[in-house]
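Reviewing the structure listed below.
A, B, ... follow the sequence lines: proteins, then strands. Residue 1 opens every chain.
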Protein chains: 2
Amino acid sequence: MSHSGGRRRPPTIHDVAREAGVSRGTVSRVLNGGHYVSPAAQEAVNAAIRRTGYVVNRHARSLITGRSDSIGFLLTEPQERFFEDPNFNVLLRGCTQALAAHDIPLLLMLAGTEDERRRITRYITAGHVDGVLLVSSHSGDPVAEQLREAGVPLVMCGKPIGVGSKVSYVAADDRDGARDMVRHLVSLGRRRVGVVTGPLDTPGGVERLAGYREVLAEAGIAYDERLVVPGDYSRASGEAGAELLLSRVPDLDAVFVASDLMAQGVLTALHRAGREVPRDVAVGGFDDSPAAVASTPALTTIRQPWDRISSEMVRVLLAQIGGDDQSAVILPTELVRRGST
Amino acid sequence: MSHSGGRRRPPTIHDVAREAGVSRGTVSRVLNGGHYVSPAAQEAVNAAIRRTGYVVNRHARSLITGRSDSIGFLLTEPQERFFEDPNFNVLLRGCTQALAAHDIPLLLMLAGTEDERRRITRYITAGHVDGVLLVSSHSGDPVAEQLREAGVPLVMCGKPIGVGSKVSYVAADDRDGARDMVRHLVSLGRRRVGVVTGPLDTPGGVERLAGYREVLAEAGIAYDERLVVPGDYSRASGEAGAELLLSRVPDLDAVFVASDLMAQGVLTALHRAGREVPRDVAVGGFDDSPAAVASTPALTTIRQPWDRISSEMVRVLLAQIGGDDQSAVILPTELVRRGST
DNA sequence: CTGAAAGCGCTTACAG
DNA sequence: CTGAAAGCGCTTACAG
């Protein structure tokens, strides 16, 4: 475009105005929707913009409008967890794309430590982003509450626990998904169905366990505490969980695992214990993450509609920035049958 | 902080000046390093800042300085590849952290399609970020050249192919790492060593293959084309590659694989073909990504120092934004021995 | 529909 | 060391 390495002064609205033979106000008006502008002026300005290569200076615009025209994607969990979890990638990608369609850049903000959270909260409340997509499932996360109080538009991924009802969220129907999976296992004739739950201070932990219990009850199978072990969504916790289950109920014939990553760990432990999947033990996961297909055998799982979750998060956030009230969106899940059941 | 949901007008430099009993110029001076400010004024201003809760309006500042105080992290590859690849996560996390230490937010920019690349390039050259961390290994990527020509500070991850020499990059020593791995395999007594390469239009593809050939030559082992198959860094290509190798050289006794993810695929194929690892076939990976430990057996691999790569990328970019010339940084790798050899 | 003018919040020479 | 003033590039009532 220009010579080697030199950034020359970019054209301003003033240059465009002169070029088009109109005032700067008129240029600004066509820039902002073209209301109250004659077709002739409109055209002259557009031509001038093309000729000069003008592009608006967002800083100047933001200074006036008070808006940054960017969105933050905030992670308040320890980072390892998120980066280990394939769901995170899918969500991040989906949100980036949905925002790109609106020409809105996404700022990735990682705040795994107390200290970082303080800094980021300050940064956000100072108005550097117009809204926040918050990925934090654990209850007791003060960030959500702080942002809400500061009046920052906010939408969470997953139904928040322990935050007032006044925060928007988008979530898959965890309980219903769990019901589908456990019904599937029961329909296969399995009766000693173990479960590796998610953390019980997360919605996925609580709701998926609740679905499991409901189906057991409806199938007339007694609830057995020995068949329930907690996990933390990590592969390692799935492995440990399966070992615990096997030690308590050696003849269990199915396991519902609250995430695919944990299910991978379960598979490993079952394999080591000499159990064949699905012949001896059927295994059902949750998420339909890349981990589900990478496993041997591939996992029967519950698909979370991540593409829709991310696009809905963006839609709700943008609406809220535009002045709408909070809202919650619950999306349906789907059973995907593969080799592990 | 304030009441429910209301963002009130935040304090400006003017409020601070009044509160401190000085002029706005003086406030600005302490904000920007405190040069030419008396200790007394300094202190009064700091106290006023604390009392008012003032935080600088970055838009106003940027409007003057012409800088955005933010950095872009740009991916110009098809997104699937990057999100499948654990290295990407590590790099993204590392850069975010390194930048956070400088209080600089990172904008994540995904441009997998021709169309998106055009838009993003425009966005960047318009000055919305001060510099770009570019992750694009393939040669023939026009984005790097365009950004360079527009004078945008830029540092790439991996040695660029086919871009003029005038672009900064940070890379692990691919060739040396490959040499270490192949030497290791040969030292184990293996003589029919296959290789699954990376794409040959990427530095990792070219350099790691070169290292392989060098060691074979130095060990007096004839180069055999049948032992060389190309991959694309995906798990699937590793699997296919191993199958091809086995069909051509059934008694091969080692495989050097140019990425851990591909090595996972190789493991799968070998397992299916009834070969035991490492007894029958030793397998060496590259990256030391999470995939290396997740595999069975765990992979002997070449560690890329991602933490240093990301921090060096940030350091070089910041230096360049500060006016320094381009520079290249090559970082040493390390052999990590695990169960697969 | 359009221009002239004020102002967003800050930085930076310029005089003192 | 410090204040007054100009100006960064834009938007938005305000008159016409």
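Taking atom NE2 of residue A/His14 and atom P of nucleotide D/dT11, one finds them 15 Å apart after rounding to whole Å. Atom CZ in B/Arg58 sits roughly 15 Å away from atom C1' in C/dT11 (whole-Å rounding). The distance between atom CD1 of A/Ile13 and atom C1' of D/dT11, rounded to the nearest whole Å, is 8 Å. Going from atom CG of B/Asn57 over to atom C1' of C/dT11 covers 13 Å, rounded to whole Å.
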Counting primed atoms, P, OP1 and OP2 as sugar-phosphate and everything else as base, the B/S/- map of nucleotides 1-6 of chain C against protein heavy atoms under 4.0 Å is BBBB--
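C/dT12 sits 16 Å from C/dG16 when the C1' atoms are compared, rounded to a whole Å.
Scanning for salt bridge (charged side-chain N to carboxylate O under 4.0 Å, His left out) contacts around A/Asp325 gives an empty result, with sequence neighbours left out. Residues that satisfy the salt bridge (charged side-chain N to carboxylate O under 4.0 Å, His left out) test with B/Arg61, not counting sequence neighbours, are absent from this structure. Residues passing the ring-ring contact (aromatic ring centres under 6.0 Å, His included) test with B/Phe73: none are found, sequence neighbours excluded. Partners of A/Ser28 under the side chain to side chain contact (heavy atoms under 4.5 Å, CB included) rule, at least two apart in sequence or in another chain, are A/Ile13, A/Asn32. The salt bridge (charged side-chain N to carboxylate O under 4.0 Å, His left out) test applied to B/Arg118 returns B/Asp115, not counting sequence neighbours.
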Please set out all donor-acceptor pairs under 3.5 angstrom arising from side-chain atoms of residues 38-49 of chain A, sequence neighbours excluded.
residue: A/Ser38; atom: OG; partner: A/Ala41; partner atom: N; Å: 3.2

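Using a 4.5 Å cut-off on side-chain heavy atoms (C-beta onward), A/Asp69 and A/Asp130 make contact.
At a threshold of 4.0 angstrom between heavy atoms, the contacts of A/Thr12 are confined to the sugar-phosphate backbone, with no base atom among them. Among the protein residues, A/Val56 comes within range of the sugar-phosphate backbone only, with heavy atoms under 4.0 Å from sugar or phosphate atoms but none that close to a base.
For residues 16-41 of chain B, the set of pairs meeting the ring-ring contact (aromatic ring centres under 6.0 Å, His included) definition, not counting sequence neighbours, is empty. A salt bridge (charged side-chain N to carboxylate O under 4.0 Å, His left out) check over residues 12-24 of chain A, counting only residues at least two apart or in different chains, returns the pairs A/Arg9-A/Asp15, A/Asp15-A/Arg18, A/Glu19-A/Arg51. Under the side-chain hydrogen bond (donor to acceptor under 3.5 Å, both in side chains) criterion, the residue pairs touching residues 304-324 of chain A are A/Asn87-A/Trp306, A/Ser168-A/Gln320, A/Asp287-A/Gln304, A/Glu312-A/Arg315, with sequence neighbours excluded.
Under 4.0 angstrom from either OP1 or OP2 of C/dT11 there lies at least one side-chain N or O belonging to B/Asn32.
Ring geometry for B/His128 against B/Tyr123 counts as tilted: the plane angle lies between 30° and 60°, on a 0 to 90° scale.
Of the residues in residues 63-71 of chain A, those placing a heavy atom less than 4.0 Å from an atom of DNA chain C are A/Leu63, A/Ile64, in numerical order.
Among the duplex regions that DNA chain D forms, those built from at least three successive Watson-Crick or G-U pairs under 3.5 Å are C:1-3 with D:14-16, C:5-12 with D:5-12, C:14-16 with D:1-3, ordered by first number.
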